[in-house]
Amino acid sequence: MVTVLFFARIREQLGIDRLSLILPQEPMTVSRLKQHIVDIHNPDWSDILMADNVIKAVNQEVVDDNHSLKEGDEIAFFPPVTGG
Amino acid sequence: MVTVLFFARIREQLGIDRLSLILPQEPMTVSRLKQHIVDIHNPDWSDILMADNVIKAVNQEVVDDNHSLKEGDEIAFFPPVTGG
Amino acid sequence: MLFSLRLPVVEMTANFSVSVQQQDFDVSAELTLLREQSSQVGAIANFVGVVRDINDQQNVATLELEHYPGMTEKSISDIMAQAAERWQLLGGRVIHRIGKLSPGDQIVLVAVSSLHRGEAFAACEFIMDYLKTRAPFWKKELTPDGERWVDARDSDHSAAERWNYSF
Amino acid sequence: MLFSLRLPVVEMTANFSVSVQQQDFDVSAELTLLREQSSQVGAIANFVGVVRDINDQQNVATLELEHYPGMTEKSISDIMAQAAERWQLLGGRVIHRIGKLSPGDQIVLVAVSSLHRGEAFAACEFIMDYLKTRAPFWKKELTPDGERWVDARDSDHSAAERWNYSF
């Protein structure tokens, strides 16, 4: 199982803030996880999750699309940050 | 008449914080005023007032030795500043 | 890629701390704590961010701040640790507010203590620049015309990039 | 010569002020005033100088600050006016204490408000650098070994000179 979190505009666009998933296969990357989420949930999510400016974090560290996932990971997708 | 003020280390070295003087002649510069003060008060003051790092202000603006003085001016001599 | 590599782990002392909270903060109290941490403190540079009334020509009635609990605190700690490695600092304090805020409200405090002012100023600005581009917070403006998510500013990325940090 | 030419006169608004005083100051109260001056304020950069316990290896029991009443306030106003000409600022506040101070005490506050942080940071550091080299204050340390006037630091002049100011 992995936990997937969505924040801010992405959370609102998807209408969901969290998913729990069983990783379908190893090795799994962030990029393939996005496609998997689209496949099993909603084809309309593709544009939202695949957008260039979506930031990906695994276990609370920013990563790129090629990052390898493992059991128990916390994966987050969020838009560019606007704090401060 | 002009007012002459001394601050900090210079004030302590001279043992005086303020003088009122009649300007002896026109035109008078800051440099010549220093010599005049030494002449009429104490030859030992020369090293103190003539030191390179003495800052001169006239009417509360920093000036150089060639600045011309006029009746009513407030002239100040002080060491490099150390506030903040 | 600004976000592509992990930060090296740097040990932080108890003199550096982060809070993410709804309630307001008292700058004087925070600076007093920094002063009392060490008799070596000669300089405290600090920055307070304030909710502005007008942002891109829209009247802001209320601002709502969302964050990523856990990662937000971690990312700010990492940024402070980087600053502490780069400059000789004595302490640091970051407070960032979340939830609903109104124009004129304080949003963020970044305070850094050091022996001398040059290092305190540089570290404070560094932390603030990286917080702006790396700490997961998102602002939503609630205006008379409806809600909208605030867009990230290119100038914030330029500000962070000028530190030439190798990550 | 750093001190040789006069500053041009620049009009200052009521949003910029200077106090030279014996009593302590409350940073929060000063920042609140700056925030309340304008709904445009988005950033407040500020600096607090603190009396250090050790200065050049001597224990400082007490510090005594002398100033030149009138010229001190005027020189700080001039520096703030220069900053307001160079950057787009909304307000500024400088408080400098005089008389006897102890280690850990606040000595000086420089606070600057602006729309965005870059200008506030730069102006705050500029004002502080020039205050250090141009405002007539003199520190005397009262140590267990007796009194001594603090020497001016070359690094303070370097800090001021990097602004490349044409005077």
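Both backbone and side-chain heavy atoms feed into the values below; hydrogens, waters and symmetry mates do not. Sequence lines set the chain letters: A, B, ... in the order given, protein chains first and strands last, and positions in each chain run from 1.
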Whatever's closer than 4.5 Å to a heavy atom in chain A on C:K132 counts as both
Is chain A contacted by the side chain of C:D151, its backbone, both, or neither, given a heavy-atom distance below 4.5 Å?
both
Is the A:F78 ring parallel, tilted or perpendicular to the C:Y68 ring (thresholds 30°, 60°)?
perpendicular
Determine the minimum heavy-atom distance between A:F7 and C:H67, stating which atoms define it.
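In terms of heavy atoms, the two residues are closest at CE2-O, 3.5 Å.
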A:V81 to C:R134 - nearest heavy-atom pair and separation:
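Looking at all heavy atoms of both residues, the closest pair is CG2-N, 3.8 Å.
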Check: C:K139 side chain, A:G84 main-chain N or O, donor-acceptor pair, under 3.5 Å
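Yes; judged by distance alone, with no hydrogens or angles, the pair exists.
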Between the main-chain N or O of A:P79 and the side-chain N or O of C:W138, is there a donor-acceptor pair closer than 3.5 Å?
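Here the side-chain-to-backbone pair exists.
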Given side chains that start at C-beta, do those of A:E74 and C:M71 come closer than 4.5 Å, heavy atoms only?
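No, too far: nothing below the 4.5 Å cut-off.
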For [X], I'd like to know if atom [atom1] has over 12 heavy atoms of other residues, nucleotides or ligands within 6.0 Å.
X     : atom1 : value
C:Q21 : CD    : yes
A:I40 : CD1   : yes
A:N53 : CG    : yes

Atom [atom1] of [X] and atom [atom2] of [Y]: how far apart are they, to the nearest 0.5 Å?
X      : Y      : atom1 : atom2 : value
C:E66  : A:R11  : CD    : CZ    : 4.0 Å
C:D156 : A:T82  : CG    : OG1   : 9.5 Å
A:Q60  : C:E73  : CD    : CD    : 8.0 Å
A:R9   : C:K140 : CZ    : NZ    : 10.5 Å

